[in-house]
Amino acid sequence: MKPTNDFATRLLAWFDVSGRHDLPWQHPRTPYRVWLSEIMLQQTQVKTAAPYFERFVAALPTLRDLAAAPLDDVLALWSGLGYYARARNLHAAAKLCMEQHGGELPRDVEALKALPGVGRSTAAAIASQAWNDRHAILDGNVKRVMCRYHGVESFPGLPAIEKQLWELVDAYVADPALPDARMADYTQAQMDLGATLCTRSDPACVLCPLQSDCVALRDGRVQYLPRPRISKKTPQKYAHVLWAEDPQGRILMQRRPPTGIWASLWTLPQADDEPLARDWFQTHLSGEFAHAVPLPAIDHAFSHYRLRITPLHWRGMQLRGRIGDNDALRWVARDELDLLGIPAPIRKLLLTRPDA
DNA sequence: AATTCGGGGTT
DNA sequence: AACCCAGAATT
């Protein structure tokens, strides 16, 4: 626990030679693009987020554009990326910046943390990368590096351990040998070290600039640190979805409620079991429920439960009465699907073409 | 302090 | 199958 060595100096020297200098959000590196990238990269790998980032900034190049866009457009750009609260928070934060910060991101970590979707680490990442301000991050990469470098033998997600890790990174970032002008590089260097060298499995310790005083390497503990969280098995849940097409081949889509899983996204009408699916059908549609064509079940895994989705398909359906022309239930043509935020497994299902 | 939010990739 | 990943908000 001696943050008085040349941690930052060695890390920056390594970064200059071996860091990542061509990530999409680095050219140009504007506050808006840094912010967007940090939100997209929460619990998401660079390789996954990169194409979404390119598409997003092409459609909404500035914070002003984002604030002015309909939420449905933002969710459509996020569709398939997961953790959709990030998209809703991003949109709300953009509007807040328009009203309270003159259309710009605030250059202040406390104001950044007050934005929805921005916590302590993300605020520090934005401030350091956008303006070279002196703030320490503590993301998954830094936690892994710190646990190994200091030989932390407890799961880093525990509040007490996390507090200890924050104290460590705060001490390192206060090193006078770390120049103000290099704070953006320092933050990027830590993430690059964790993502490309000090990886979860099979880290390249032989190439590491910190190998001379890494506790885990010294003690042969690298492959055991950081310790994993205590696992518990995830429950199995079930859902029946109703895929109804009208005579024009349009699909009946329903907007999910603003809270819970897939909040505010568009999906097929869904029920917990088949009797409830029948009830929904008979309330909303005219036709014969028993004429449903069952399609193969889809197994989808979330982080905290597994979901088996059983689709039922009908053609030539129409709604009862006048229900349907509203913001939560409507017929959608196939070529309009790209304009909606749709969960990945439902989008994948709709792209298959059920047989006659 | 524990749970809730996705989806893709790795092992 | 289990686990992880540039975490934050909610309860």
Side-chain angles (χ1 to χ4, degrees), chain A residues 19-20 23-26 34-53 75 78-90 92-93 112-126 128-129 136-145 155-163 165-166 169 184 187-196 198-203 223 226-237 256-265 267 298-307 341-348:
Chain A
R20 295 176 294 186
L23 297 169
W25 37 89
Q26 295 175 327
V34 167
W35 169 47
L36 175 61
S37 73
E38 288 302 327
I39 302 301
M40 280 194 172
L41 288 164
Q42 288 170 359
Q43 302 298 101
T44 308
Q45 295 187 348
V46 167
K47 187 177 179 181
T48 301
Y52 285 87
F53 177 86
L75 289 172
W78 212 270
S79 183
L81 196 52
Y83 279 132
Y84 298 94
R86 295 184 295 175
R88 289 187 288 107
N89 286 334
L90 191 78
L112 288 169
K113 276 174 61 179
L115 299 175
V118 178
R120 181 174 176 182
S121 188
T122 298
I126 295 169
S128 60
Q129 300 215 72
I137 64 165
L138 185 62
D139 64 356
N141 288 311
V142 180
K143 283 180 181 173
R144 187 167 54 254
V145 170
F155 170 59
L158 292 175
I161 304 302
E162 198 159 299
K163 181 171 181 288
L165 295 174
W166 272 114
V169 294
T187 292
Q188 187 64 48
Q190 292 178 85
M191 298 190 287
D192 288 0
L193 187 75
T196 69
C198 193
T199 49
R200 184 66 186 86
S201 62
D202 197 22
Q223 65 173 312
R227 294 248 312 253
R229 75 163 61 246
I230 322 116
S231 66
K232 51 191 169 193
K233 48 185 163 188
T234 57
Q236 175 75 52
K237 297 187 178 184
R256 293 188 58 85
T259 59
I261 198 77
W262 295 335
S264 299
L265 270 66
T267 64
I298 302 164
D299 287 309
H300 187 70
F302 296 95
S303 53
H304 49 307
Y305 64 90
R306 288 174 298 184
L307 184 65
I342 300 173
I346 301 299
R347 183 179 294 280
K348 187 177 176 184

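Just so we're on the same page: letters track the sequence lines, and every chain starts at 1.
The P atoms of B:dG6 and C:dT10 are separated by 14 Å, rounded to the nearest whole Å. A gap of 15 Å separates the P atoms of B:dT3 and C:dC3, to the nearest Å. The same atom, P, is picked in C:dA6 and in B:dT4; the two are 24 Å apart, to the nearest Å.
The two residues A:Arg144 and A:Pro226 make their nearest non-hydrogen contact at CG-CD, 3.5 Å.
Side-chain atoms of A:Arg86 come within 3.5 Å of backbone atoms of A:Met40 as a donor-acceptor pair (strictly under, hydrogens ignored).
Nearer the 5' end of DNA chain B, as judged by each residue's closest nucleotide, is the contact made by A:Gly82, out of A:Asp202 and A:Gly82. Position along DNA chain C of the nearest nucleotide to A:Thr234 versus A:Asp192 favours A:Thr234 as the more 5'-ward residue. Mapping A:Ala263 and A:Pro159 onto DNA chain B by nearest heavy atom places A:Pro159 closer to the 5' end of the strand. The 5' end of DNA chain C is approached more closely, in terms of each residue's nearest nucleotide, by A:Glu38 than by the other of A:Glu38 and A:Asn89.
If you check B:dG8, C:dG7, C:dA6 against the side chain of A:Gln42, the one that comes closest is C:dG7. Comparing C:dA6, C:dC5, B:dG7 against the side chain of A:Ala344 picks out B:dG7 as the nearest. Distances from the side chain of A:Ser231 to the nucleotides C:dA6, B:dG7, C:dC3 place C:dC3 closest. Comparing C:dC4, C:dA6, C:dA8 against the side chain of A:Pro228 picks out C:dC4 as the nearest. The side chain of A:His304 sits closest to B:dC5 out of B:dC5, B:dG6, C:dA8.
When the side-chain nitrogen and oxygen atoms of A:Ser201 are compared with OP1 and OP2 of B:dT11, one or more of them lie within a distance under 4.0 Å. Considering only side-chain N and O atoms, A:Trp262 lies under 4.0 angstrom from the phosphate OP1 or OP2 of B:dG7. Within the structure, a side-chain polar atom (N or O) of A:Tyr84 is placed less than 4.0 Å from OP1 or OP2 of B:dG7. Taking only side-chain nitrogens and oxygens, A:Thr44 never comes nearer than 4.0 Å to OP1 or OP2 of B:dG6.
If you look at A:Tyr52 and A:Trp78, their ring centroids are not closer than 6.0 Å.
Between the side chains of A:Gln26 and A:Gln129, no donor N or O sits under 3.5 Å from an acceptor N or O.
The aromatic rings of A:Trp262 and A:Phe302 are tilted relative to each other, their planes meeting at an angle between 30° and 60°.
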